Protein chains: 2
Amino acid sequence: MHIIAPIQHGLILLMSVTLKQLAGTLGLSPTTVSRALNGFPEVNDATRKRVREAAERANYRPNTRAKSLATGRAQAIGHVIPVSTSHEIVNPVFADFIAGAGETYSRAGYEMVLRVVPDADEAQAYRDLIARGAVDGVMVHGPRQQDSRVALLGELEVPFMFHGRTSNIDQPYSWLDINNQRSFRRAAQFLIDLGHRRIALVNGLEEMDFANRRRNGYLEALEHAGIAVDPALMRQAEMTEPYGYRALIEMRKLPDPPTAFMASSMIVAYGLRRGLSDLGLKLGRDVSIITHDDDLSYLPNDGDVPMFTATKSSVREAGRRAASMLLRLVEAPASAPLTELMETSLVVGASTGPAVPQESG
Amino acid sequence: MHIIAPIQHGLILLMSVTLKQLAGTLGLSPTTVSRALNGFPEVNDATRKRVREAAERANYRPNTRAKSLATGRAQAIGHVIPVSTSHEIVNPVFADFIAGAGETYSRAGYEMVLRVVPDADEAQAYRDLIARGAVDGVMVHGPRQQDSRVALLGELEVPFMFHGRTSNIDQPYSWLDINNQRSFRRAAQFLIDLGHRRIALVNGLEEMDFANRRRNGYLEALEHAGIAVDPALMRQAEMTEPYGYRALIEMRKLPDPPTAFMASSMIVAYGLRRGLSDLGLKLGRDVSIITHDDDLSYLPNDGDVPMFTATKSSVREAGRRAASMLLRLVEAPASAPLTELMETSLVVGASTGPAVPQESG
DNA sequence: TGAGGCATCCAAAGCGGTTTGGAAATGATT
DNA sequence: AATCATTTCCAAACCGCTTTGGATGCCTCA
């Protein structure tokens, strides 16, 4: 149901039915139609029914822009995705997180607006999004250990939510995170309990807050067990498969090689596994691996006995929850900082086993 | 620069500077300020300068909703991401494609609005997005062999763009695709030239148009070489690592096993490689693999000699191009269907070599 | 000197909704 | 029968911007 409406400078635009038109055909005022559709009490039931049916028939939808101009609420949430020009990685967990968040937004009648910007322009993107009134709140991705975005967004006085946390900030803010530290402490402890003493950590970039916390958990477990920390067993980089592969090959060449590896992502674990296999070592018998598993749908790690022992937490579910927290914040800004720390579950798979004595190199 | 403005029903909202306020402090009319900022000629250079500086100082940004209400253009593009409830896969190429498209939108001053909906509600999502005037155009993801969305969007009279194509449609529409058929024909031909006669195809779901075209290319090459098609060597499924692994293990058990495999994605190729390695076979010597490589940043396949021989095409670049085609369509709807067929490049890596005679099972 | 042309600016009318502040009709109450 | 409360509806203002259609003042030129 479209009509052709000439607009001001002579352009011809295709427009959907408007409230006014709908009111016109019904012989009612726009006021009444608006109230009928929005469930206000001061309208006759019969009238309301008539209006609803007409709206249905005409496939009427209120114009979002007009509506939010009038109400002052954008009914939209902003996500700013910085793409760094230095390391061109598009974080694969974004997709699942966004899918989860998007489900929540859709159900709640919110739009999701995405801005993909060079990371140098990120702050500007937030400012712009907010100054233009394009969104009611923003979600923050990929927090660093030290992240200036808490201060920035606090200043902009907009509801915001971090997926993950940042360190060295006293100012309270809202976040949803997994318990990275506890998760990796526990995983390391699990390996220690199996008799491993040489445990490698193949981590993500340590400027990322999650990586830092995982390392802390790892270090805690070692310390608790009285195992000396060996920097040669700790790596951090962009989490790719070849990175995992190289880490394994190179570390296994050490005089006193690790018997167990902890990986920060499934992709890295794939690389480790390939390295093992190239060295003729058997996963879970000769060498153990525990990986973090974000439960990405295209990297399944399930079955009766999952391939990898893993600290598992669905990033998609995190997206759902973070989104609904943010919506709560938007609808009641007073409700101050909201935080949630999700625990991961340690899923025991086929990739771990007791430490075997190594012939010394 | 914020002011506290009381709004109608007593809520207190934080608002940015408005045109009217800016005009007020400058002692000018909103008209003049608007024109000064939008570069209209009928304003004194000195005045324009004064206005620009004041706007800068006040961090003024025109309210998007008001602006687009007035102009009738949303300055936004919609992406609908269907998440099927049956197979819960969030396609990993979405992320890179969207990153690419997003870059283009940002530069052009367009917003990207994402709707994540259960696939049953997809049509409704398009209708809704358009009826509400929330977007000026839409991008269509993951086309099937038979896709009703061409008809739907044509009916809705909105500029739209397919990432990929659909088959069995006579109606013209705009799309950007890679030459899947030629790509896989060429890859298969490459393997045939190396002496392979038993070539497996480990494909994506065949309801997806890309998978269908790849199969056609594969079949063409076989036929051209007079090689009989063996259904036992053709698989289609959601593209995960375990799927690749199982395909390899099971097919290698066949009486007359394939000496080469073609994979529809890097992830599947990872699975194939693992299978090989478990069977003690050497990649590129005992068995060859060619995979399609979307050039995802976290699945790198480069270096002097890439790990995999691959048909390579950056899906991120596809996103950039598709987006700019869509914007062209939005800005000049008359410019009818725009199409682009990107060729992939066949990158020769370490995963292919001459066929070796197999001991018959 | 007066008409015409320019350069600058502005008031007001939209865009498509929501919300305020009545008004008219109906029913209940005294 | 007059008063008052309810119910049901509507006119008009407003959200923040753009655009139309002047208005004003100054300069130029016949």
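Note that these values count all heavy atoms, side chains included, but never hydrogens, waters or copies made by symmetry. Quick caveat, the model's predicted, so the values are computed rather than measured. Naming: A, B, ... by sequence-line order, numbering from 1 per chain.
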> So, Thr32(B) versus Ser29(B): side-chain donor-acceptor pair below 3.5 Å or not?
yes
> Expressed in angstrom and rounded to an integer, what is the separation of Asn44(B) atom CG from dC27(D) atom P?
14 Å
> In this structure, how many angstroms lie between the P atom of dG16(D) and the CZ atom of Arg73(A), rounded?
15 Å
> Just by distance, no angles: are the side chains of Arg57(B) and Asn59(B) close enough, under 3.5 Å, to form a donor-acceptor pair?
no
> Tell me, with the steps shown, if Tyr105(A) and His79(A) meet side-chain contact (heavy atoms from CB on, under 4.5 Å).
CA-CA 12 Å; Tyr105(A) 299 147; His79(A) 287 230; 2.9 Å; yes
> Give a yes-or-no answer on whether the side chains of Ser68(A) and Arg65(B) include a donor-acceptor pair shorter than 3.5 Å.
yes
> Taking atom P of dT20(D) as reference, at what distance in whole Å does atom CZ of Arg35(B) sit?
8 Å
> Do Thr47(B) side-chain and dT8(C) base share a donor-acceptor contact under 3.5 Å?
no
> Just the rounded figure in Å: distance from P of dT19(D) to CD of Glu42(B).
11 Å
> Choosing from dC9(D), dC10(C), dG17(C), which nucleotide comes nearest the side chain of Thr32(B)?
dC10(C)
> Using whole Å, what does the distance between atom P of nucleotide dT19(D) and atom CZ of Phe40(B) come to?
5 Å
> Check the distance between dC10(C)'s P and Leu26(B)'s CG and give it to me in whole angstrom.
10 Å
> Starting at atom NZ of Lys20(A), determine the distance to atom C1' of dG17(C), rounded to an integer number of angstrom.
9 Å
> Can you tell me the distance, in whole Å, between the CG atom of Leu28(A) and the P atom of dG17(C)?
15 Å
> Once hydrogens and angles are ignored, does a donor-acceptor distance under 3.5 Å link the base of dT19(C) to the side chain of Thr71(A)?
no
> Determine: side-chain N/O of Lys67(B) to OP1/OP2 of dG16(D), distance under 4.0 Å, yes or no.
no
